[in-house]
Amino acid sequence: MTMNSRAADRPGQQAPFFHPALFYNSDKEYVGGVGDFVRGALDEERPVLVAVPGPRLKLLKDVLDGDHGHVTWVDMSQTGRNPGRILSMLQEFADHPGHGHKPVSIVGEPIWVGRTPAESWEATRHEALINLAFEGRSVSILCPYDTALAEEVLAQAHRTHPVVGDSVAYRASTGYTDPHEVCRDCDTPLPEPQDAVVIAFGEEDLARTRDEADRWAATAGLPPERRTDWLLAIGEATSNSVRHGGGRGRLRMWRADGEVVAEISDRGRLSDPLTGRRRPDPYAPTGGRGVWIMHQLCDLVEIRAAAQGLVLRLHMG
Amino acid sequence: MKGRHYDEWGTSSVATMPGAAVPPEREPAAGRHSSVIFADDGEWAAHLCVFVRGGLEQGERIHYFADATDPERVVRALTDAGIDAVAAVRRGQLSVSTAAQTYLAGTGFDPDAMIRLWHDAVEAASVLGYRGLRAIGEMSWGARDIPGADRLLEYELRIHHEVFDLLPLKAWCFYDRRLLSDDQVNLLAGAHLTRRGDPVGGPVLRVAPLLDHPGLLMAGSTGYDTRHVVAAAAAALRGMPTKRVELDLAGLRHVDAASLATLADAAVSRPAGTPLRVRQAPPSLRRLLDLFPERGSAVEVLDR
């Protein structure tokens, strides 16, 4: 095995930006690799965020014993259910004023066994975007990957992480790929729905479109509190179509696998793949909140940016 | 006592003192500012005659501000209905002018200047011994590309509290459905607490003054399509001179993030700097405040 520098063996000491994938095939390897990373960061008095699925949280808290009080713990299966909102959380942690100018260390496990293929696909996009969002910054982000995950998922991890390794050592990833290219590769055609309700809209139809989306969701059985989220997300997406997507768009809605899905397509371009991945300034006069709001409210947002236009699929259960 | 009088609108008339001024029994403000919707000349004339006849009988001064109608036709319609409009004009009790000659004669429509003009006009009517002032304004200019026309809704929202609550003024705003779109008529007529004639339907977002205290009610749904309406509401809220203003959102089904930001910005820029007090906030507003809690300092939800 070709090893990276000595610094790579001690991930807490990397600078400026360190983003390894840690492959593990047992709880022992997990707590060994992640535990070393966290302890190294704590030794250097770096602020630490651990965002992993709930059962893994307990495992790590147990093994880190007295140290875990200095760590911010997040259940990724809840907070990061929609992969599109994870990067915002990570940046908010890294930018927290309370951290001063200290470099931060993060454990982020965005993909776990049980994630749907669509979720894993968007999580792969998220992993690529980490490299753009934190480029040049003094941040270490360790991403554990269960080797029981699908081969395709593990292969993508080699493309999205500049460094890969296991509980023993890290090395440069020979498969690392430019994040923009990974994002483009994620823009594969989506499966066509069956029995979708179709609404074409322009600015003059936005109110009617909101009303119809609300009525459809009620008929589909979406609970009232989720209908609020549904309508907020669709309202933002359809407004974006009118503002930035050529003035018109198409809304399709359908039921699938115990959830409801809304697809908003238009002739827009996603010029910045990081759009919506950072919490917007609440006081910003120019907006720029729409995609971020969609990510916060939906269980999954699938994005497909193609030459002929932009497609957003909003999932809500 | 007679004499030529140049009034606050810039028009001249022969002023007549009709007798000692007697403080009128003031009708509630909500009933004194009414929108009047019509779609043919017969309806127009009927509303005109009822209003002017009432004003003459009560010893009030009356202004008619035409836009699309020839002022001579106004006098003729009144005369045809048996009202001695010529005499009323001669003695200065009735004036018929055009918006273009009067309040639109300067750089365009300015709600602040207009509000000041109402105060001056009521004062002038009182000085001349009239028991009050009533006015009709044809509002069809609001559909044209006149500077400041985009502030017409803001104006209609403000004058309930800034004019009618304070002054013995009665005004009917004439909305001719032949000259304004259905959307414009529904929106602008909806900003009045009293309406005559039938609107075609409800606007996507209705905004109106609150009856009892400074503030607005908003009903319907907001989005990018209603941004101009929300901006007008925000401008009206910004200008309200009282410390506390309320938003009654009982009829608002949905509010979007940009509209909330516009309203919150208005609260922040109010001279008093006090938050908007929101009643009956829809779930979407509460959800947005969860996402942007910083905005809670400008938008206070009263019944959480």
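Letters A, B, ... mirror the listed sequences (proteins, then strands); counts begin at 1.
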Taking ring pair (Phe, Tyr, Trp, His ring centres under 6.0 Å) as the definition, give me every residue that meets it alongside A/F93, ordered by chain and number, with sequence neighbours left out. A/H99
Can you say whether A/D205 sits under 4.5 Å from chain B via the side chain, the backbone, both, or neither, judging by heavy atoms? neither
Flag yes if more than 12 heavy atoms outside A/R226 fall under 6.0 Å of its CZ atom; otherwise flag no. yes
Residues at least two apart in sequence or cross-chain that pass side chain to side chain donor-acceptor pair (under 3.5 Å) with B/H213, listed by chain then number, are B/E246
Residues, nucleotides or ligands: over 12 heavy atoms within 6.0 Å of B/D198 CG: no
Which residues pass the side chain to side chain donor-acceptor pair (under 3.5 Å) test with A/R279, sequence neighbours left out? B/E294
Could you tell me which residues in residues 294-317 of chain A have at least one non-hydrogen atom under 4.5 Å from a non-hydrogen atom of chain B, sorted by residue number? A/Q296, A/L297
Heavy atoms from other residues, nucleotides or ligands near CZ of B/R244 exceed 12 (cutoff 6.0 Å): no
With a 4.5 angstrom heavy-atom cut-off, which part of B/V268 approaches chain A: side chain, backbone, both or neither? neither
Evaluate whether atom CG of A/D257 has more than 12 neighbouring non-hydrogen atoms of other residues, nucleotides or ligands under 6.0 angstrom away. no
To the closest 0.5 Å, what do you measure between CH2 (A/W292) and CZ (B/F292)? 4.5 Å
Chain B contacts, top residue of A/P224, A/G290, A/A207, A/A284 (heavy-atom pairs, under 4.5 Å): A/A207
Kindly compute the distance separating CZ (A/R210) from OG (B/S284), expressed to the nearest 0.5 Å. 10.0 Å
Is chain B contacted by the side chain of A/E204, its backbone, both, or neither, given a heavy-atom distance below 4.5 Å? neither
Chain B heavy atoms under 4.5 Å from A/N240: which part of the residue, side chain, backbone, both or neither? neither
Could you check which of A/E236, A/R227, A/E203 has the highest count of heavy-atom pairs closer than 4.5 Å to chain B? A/E203
Value rounded to 0.5 Å, distance of CG in A/L206 from CG in B/D256: 10.0 Å
Once rounded to the nearest 0.5 Å, what's the spacing between atom CZ of A/R208 and atom CG of B/D225? 11.5 Å
If I measure from the heavy atoms of chain A, does B/T222 come under 4.5 Å with its side chain, its backbone, both, or neither? backbone
Please tell me whether A/T228 and B/R287 have a donor and an acceptor in their side chains that are separated by less than 3.5 angstrom. no
Salt-bridged, A/E225 to B/R286, with N to O below 4.0 Å? no
Minimal heavy-atom distance between A/L232 and B/V255, with the atoms involved, is CD2-O, 3.4 Å
Has A/R289 got a side-chain atom pairing as donor or acceptor with B/A257's backbone, closer than 3.5 angstrom? no
A/D214 and B/R253 ion-paired at < 4.0 Å: no
